[in-house]
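Notes to accompany the following structure.
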Amino acid sequence: MMDSTAPSNRTTTVPALRALLALLLAFTVLASACGDSDDGETSSDGESTDEGADDGDDAAAEPAGDKPTINFVVNPWTASALNVEVARQIIQSELGYPTDAISLDENEAMFTGLSDGTIDAVLEIWPSGITESEQAFFDDGTVVNMGDLGAVGQIGWFVPSYVIEDNPDLASWEGYTSPEAAALFATAETGDNGRFLGTDPSYSTYDEQIIENLDLPFEVQYSGSEPATVAELDARVSAGEPILMYWWTPTAAVSEYDLVKVDLPAYTDECGTSAAAGDGGVDCDYPADPIIKAASPALADKAPDVYAFLENFTMTSEDQLSMLPAVEIDGEDPEDVAAKWVADNAGVWSAWLE
Amino acid sequence: MASPAIDSRSAALTSDIGRILDRVKTMPLAAWFGILAAGVVLLQLLFAGSESFPARWAAAFADPFDRFARWALENRRSGEPHPVFTYLFDPLADAVGWGLASVESTLLWFPWFVLPIAAFAYVARTRRWADATVAAAALIYPGLVGLWDVTVETLALMAIAVFISVIIGIPLGVAAAFRPRFDTTIRPVMDAMQTVPAPVYFVPMLMFFGIGAVPATLATVIYALPPLVRLTTVGIRQVPTASVDASDMFGASPMQTLRKVQLPMAMPTILTGVTQTIMMALGIVVLATLLGAGGLGQEVMDTLAQRRMGRGVATGLAIVSIALVLDRLGRAAAVTDRSVLPSRRTVWWGVAAVAALTVAGRAAGVNTFPEVWDTKVFDPIDDGVDWIQENFRWLTRSINDGLVSWMYVPVKDLLIDTVAWPALVFAGSWISWRVAGWRLALFTAAAVSFIGLIGMWELSLDTLTQVIAAVVVSLLVAIPLGVWAGRSRRVEAALSPVLDALQTIPSLVYIIPAVTLFTVGVVPGIIASVLYAMVPGVRITALGIKQVPTESIEASQTFGATPTQTLLGVRLPLAATTIMAAVNQVIMMVLAMVIISGLVGGGGLGFETISAVKNSEVGHGFAVGLAIVIMAIILDRSTQAIARRLQPPTA
């Protein structure tokens with residue numbers, strides 16, 4: 001593949017290239033100089049709610065003015081993006097801080113980022129997914145628990161409602177012990193076992209343990225990413241075929257695809273202890289997850305008003321569900337959907353600023 | 001300090017052993033197969049019940065890495081960072097981060113119409129008007145569909161990655177051109193760097209730099225560097241000695257000769273290297289989302305999660321347009337023929353005009369792109385995918401189940417559940433011995449056992465099964481297509497744009513629709529690997545067929561051979577070496593796609609890599625990466641050896 005053109009025998013230079021480079025360099029200097037002054041103007045005006053997101057990105061590229069940039073984490077699910085967009089738009093318009101959103105997985109790196117202040121806040125942490133080493137960050141105060149978000153999540157096993165209509169036994173886990181149930185969900189790859197569709201590996205899951213400990217003839221197949229999970233769900237539902245999968249509420253897909261949660265053995269404290277310790281003994285349902293917010297301890301000094309605002313910040317499951325379908329089903333941008341919510345709910349969020 | 005006598009004696013001994021061991025290679029094929037079968041059966045009986053490799057070292061291997069990663073996490077930025085971070089990694093990360101931010105803000109600062117005009121002018125100065133138009137159009141496209149901001153993020157990553165590659169690569173290449181010993185030292189390293197699938201670099205990056213655009217940029221550099229170093233070396237060496245001697249005679253110092261004679265004369269070759277580096281870098285831009293790089297890759301993932309295939313295609317085309325812009329600019333930069341280029345004066349006038357436009361645009365406040373369209377123009381694609389899904393799913397699902405039940409599951413069961421591990425290690429080494437000699441055989445035995453010991457046995461066999469399936473399907477498609485293209489110019493012309501598109505459009509764009517058509521599992525990954533890997537397969541096969549001397553073909557025709565006889569008896573055998581090179585490329589490309597399969601349910605090493613990166617499991621990530629590397633090295637070396645053996649002795 002090395003097609004090396006024979007060099008011409010004349011000594012050559014590339015004047016245009018050099019000129020272009022010089023020009024680029026000049027403009028880089030100019031751009032950074034002008035960028036600063038532009039930014040100063042916008043942050044002193046401190047308005048423009050609609051374009052909030054764009055302003056934030058500009059500001060992130062060239063932090064300037066007297067107020068520091070507030071960095072939020074967006075995890076790879078829609079509700080996380082919506083919480084952050086709502087918070088960013090209010091902070092930018094009412095408190096006048098530039099903000100930025102960083103896409104990260106929910107893992108220990110995120111907690112490290114919070115503890116060292118490279119990230120300021122995360123607005124959606126699911127307690128059931130917090131590992132022991134992550135809990136240590138809360139315990140020694142290197143990451144601050146900012147209280148409940150308001151939304152209560154529930155992870156679980158879900159099937160489309162028609163599966164239960166056809167086989168009422170499948171409403172509860174006992175129905176999944178039979179080989180017939182396994183055959184219903186089996187694929188060419190799982191053979192005699194039924195397939196349980198797992199998801200993105202960064203999400204906290206106990207499905208393998210539950211299957212093992214309840215002795216179900218199923219096996220977990222990880223889709224590897226959420227796009228793949230949704231594609232598979234859509235394909236199966238549109239063909240009216242059965243599917244059993246890891247999913248959660250609040251999400252738009254539950255109503256869009258009419259998903260029903262399967263009853264697993266009720267959550268117990270021992271089961272929760274087992275999950276936290278990682279000893280493989282989980283044999284119960286996922287607990288209800290009162291979602292919490294977290295912040296870097298440095299934020300209290302960096303921006304006390306933002307810190308106070310985030311302590312008050314609330315997004316209930318209903319709030320999230322009022323926005324989720326627009327993004328997940330209609331494919332609108334989270335920025336626009338959040339902007340609409342902000343415009344419609346001034347009465348709700350003005351209280352968070354006091 | 002060994003004495004020369006001992007040295008020569010040990011050399012003689014080594015060569016004796018080598019000669020004895022190499023006798024296996026000349027053993028009659030039947031005997032060779034006999035020993036292979038007997039050995040496997042014997043070991044199978046001896047080790048019945050030990051199908052899976054005892055993963056004795058799994059924990060012992062991962063622990064030090066995990067401990068080191070924890071140490072790195074604790075000593076990075078927080079509290080009192082270790083000097084390694086304060087003085088090396090952090091300044092490096094800060095510099096790269098600053099570079100990314102400034103390129104991004106500069107590109108966004110320009111009024112939107114200036115960049116296409118400047119690109120047009122720069123290419124047009126070589127009087128290639130079609131290229132100039134393509135470059136300008138490719139810069140306008142992302143803005144037209146409202147993706148300019150995200151495209152700039154990716155462009156910035158590319159620009160900085162290529163910049164760093166040039167700063168490191170050219171000096172390395174120059175040094176290798178002048179110091180043969182340095183060349184022989186870095187050559188195997190470069191070889192290895194090109195064999196290793198890119199995501200393997202993600203894990204160490206994660207450890208030292210955390211998550212974000214900075215580690216993604218640096219991983220891109222490592223991946224994209226080798227072609228630049230190689231082509232720089234080649235370029236410098238190609239400079240005629242006469243020119244160098246002349247320069248010496250005029251009393252120029254070696255440094256002056258390098259700067260004034262050798263580098264300028266090698267420039268076209270070096271620029272080819274830069275273009276190659278750019279293409280390699282683009283190839284992993286989407287995967288860089290795994291490290292939180294943002295940009296177009298993240299956009300592709302997000303739109304696919306919302307099942308907006310049309311928007312996914314629109315975003316994929318933005319990546320293609322970056323490739324087009326950089327390629328056309330690179331080609332224009334490589335033109336050094338003074339008779340074509342405009343005078344220096346004209347160039348400065350052009351620069352001044354662009355500057356004036358910029359100032360005027362800024363003054364008029366025409367900064368952001370007028371969003372003429374939206375990605376909505378691509379929405380019909382969504383309906384198309386739905387339509388195909390409704391009408392052809394019966395077919396695609398049968399293909400899926402057939403591939404899984406008749407190919408994947410039986411092979412996987414055979415390798416994982418039926419054959420005992422010592423028999424597999426023996427078979428692997430024995431085959432390497434036959435095709436490549438005893439060095440590779442020893443390496444195979446040791447490395448494959450190592451894979452087992454670090455607990456990657458079953459995952460690797462799962463991935464190996466998928467790789468075999470993908471390679472077989474790719475070759476079944478690529479070799480006939482390549483032969484056809486090699487014999488007909490028209491077919492080749494028709495295939496060429498399709499092949500280009502397959503290589504630049506990120507496979508994630510078409511792999512998610514593949515999930516709806518087939519199902520979550522190994523098949524979408526295999527399909528994507530086939531589409532990606534068949535490209536070099538077709539190209540190189542066509543090249544091999546075209547290179548067959550016309551005399552040989554005419555000779556066979558005069559003897560009254562039918563076209564089929566000519567093809568089977570003359571063309572294919574004479575092109576065999578080249579076709580084997582195609583096989584080698586196909587295998588390497590399929591291995592590079594292993595991680596993509598992990599994103600759609602392929603499991604195996606690909607899924608484990610993603611899982612390790614996403615959950616910051618460094619030790620596990622290293623083990624997975626090593627398994628992929630070992631597999632890549634064995635497959636690469638053995639197919640290369642076969643290619644060499646097929647070479648006609650005259651060559």
Side-chain angles (χ1 to χ4, degrees), chain A residues 2-17 19-20 23-24 27-28 31-32 34-35 54 57-58 61-62 102-105 107-109 112-113 115-116 118 187-189 191 197 200-202 221-232 234-235 238-239 327-328 331, chain B residues 73 77-78 101-102 104-106 109 122 125 149 210-211 231 234-235 238-239 261 264-269 272 292 294 298 301 304-308 333 336-337 344 347-348 351 354-355 389 393 400-401 404-405 409 512 515-516 519-522 598-601 603 607 610-611 614-616:
Chain A
M2 314 240 160
D3 92 0
S4 42
T5 28
S8 72
N9 278 330
R10 243 175 312 167
T11 309
T12 50
T13 51
V14 196
L17 190 68
L20 208 70
L23 185 74
L24 261 175
F27 277 122
T28 314
S32 39
C34 297
D54 292 339
D57 289 336
D58 288 350
E62 330 148 67
I102 298 156
S103 292
L104 273 187
D105 286 313
N107 58 25
E108 220 181 305
T112 318
S115 73
D116 64 30
T118 38
T187 67
E189 279 177 55
L197 186 66
D200 184 309
S202 69
Q221 180 180 33
Y222 288 97
S223 75
S225 64
E226 204 175 312
T229 307
V230 180
E232 177 75 355
D234 190 80
S238 64
V327 180
E328 292 185 339
Chain B
L73 262 179
R77 301 217 183 242
S78 52
S102 2
E104 228 172 274
S105 55
T106 307
W109 180 85
Y122 183 71
R125 106 206 134 88
D149 287 4
I211 283 181
L231 284 172
V234 170
Q238 273 175 350
V239 174
V261 179
M265 289 183 75
M267 202 41 96
T269 317
T272 312
Q298 186 68 44
M301 282 303 266
L304 292 177
Q306 297 167 354
R307 280 190 24 83
R308 296 166 73 190
T336 48
D337 186 352
R344 190 169 281 242
V347 168
W348 282 113
V351 171
V354 169
Q389 185 184 330
R393 220 165 93 92
N400 180 81
D401 293 355
V404 170
S405 314
V409 172
I512 296 291
V515 170
T516 49
T519 187
V520 156
V522 294
L599 285 171
V600 287
F607 175 79
I610 297 165
S611 177
K614 283 192 159 232
N615 295 316
S616 320

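Every chain is numbered from 1 and lettered A, B, ... according to where its sequence line falls, protein lines coming before strand lines. Side-chain atoms are counted along with the backbone in the values below, which use heavy atoms only and exclude waters and symmetry mates.
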Please report the shortest heavy-atom distance between A:Gln221 and B:Gly601, naming the atom on each side.
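Residues A:Gln221 and B:Gly601, closest heavy atoms: NE2-O, 3.7 Å.
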Please report the closest heavy-atom contact between A:Ala235 and B:Gln389, naming both atoms and the distance.
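In this case the closest contact between A:Ala235 and B:Gln389 is CA-NE2, 3.4 Å.
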Euclidean distance, A:Ser225 OG relative to B:Phe607 CZ, rounded to 0.5 Å
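It comes to 10.0 Å.
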Chain B contact via A:Leu197 - which portion, at a heavy-atom distance below 4.5 Å:
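It is the side chain, since no backbone atom gets that close.
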Tell me, side chain or backbone of A:Ser238 under 4.5 Å from chain B's heavy atoms, or both, or neither?
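The answer is the side chain of A:Ser238.
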Using a cut-off of under 4.5 Å for heavy-atom pairs, which of B:Leu599, B:Ile512, B:Val515 has the most such pairs with chain A?
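Greatest number of close heavy-atom pairs with chain A: B:Leu599.
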For chain A, which of B:Asp401, B:Asn615, B:Leu304 has the most heavy-atom pairs under 4.5 Å?
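Of the options given, most contacts go to B:Asn615.
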Between A:Glu189 (side chain) and B:Val404 (backbone), is there a donor-acceptor pair under 3.5 Å?
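Pair absent, no side-chain N/O of A:Glu189 close to backbone of B:Val404.
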Restricting to salt bridge (charged side-chain N to carboxylate O under 4.0 Å, His left out), what partner residues turn up for A:Asp234, sequence neighbours left out?
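Residues passing salt bridge (charged side-chain N to carboxylate O under 4.0 Å, His left out) with A:Asp234: B:Arg307.
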Is there side-chain contact between A:Glu232 and B:Thr519, with heavy atoms separated by less than 4.5 Å?
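Yes, side chains in contact.
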What residues, two or more places apart in sequence or in another chain, satisfy side chain to side chain contact (heavy atoms under 4.5 Å, CB included) together with A:Glu226?
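Result, side chain to side chain contact (heavy atoms under 4.5 Å, CB included) vs A:Glu226: A:Trp77, A:Tyr203, A:Val230, A:Trp247, A:Trp248.
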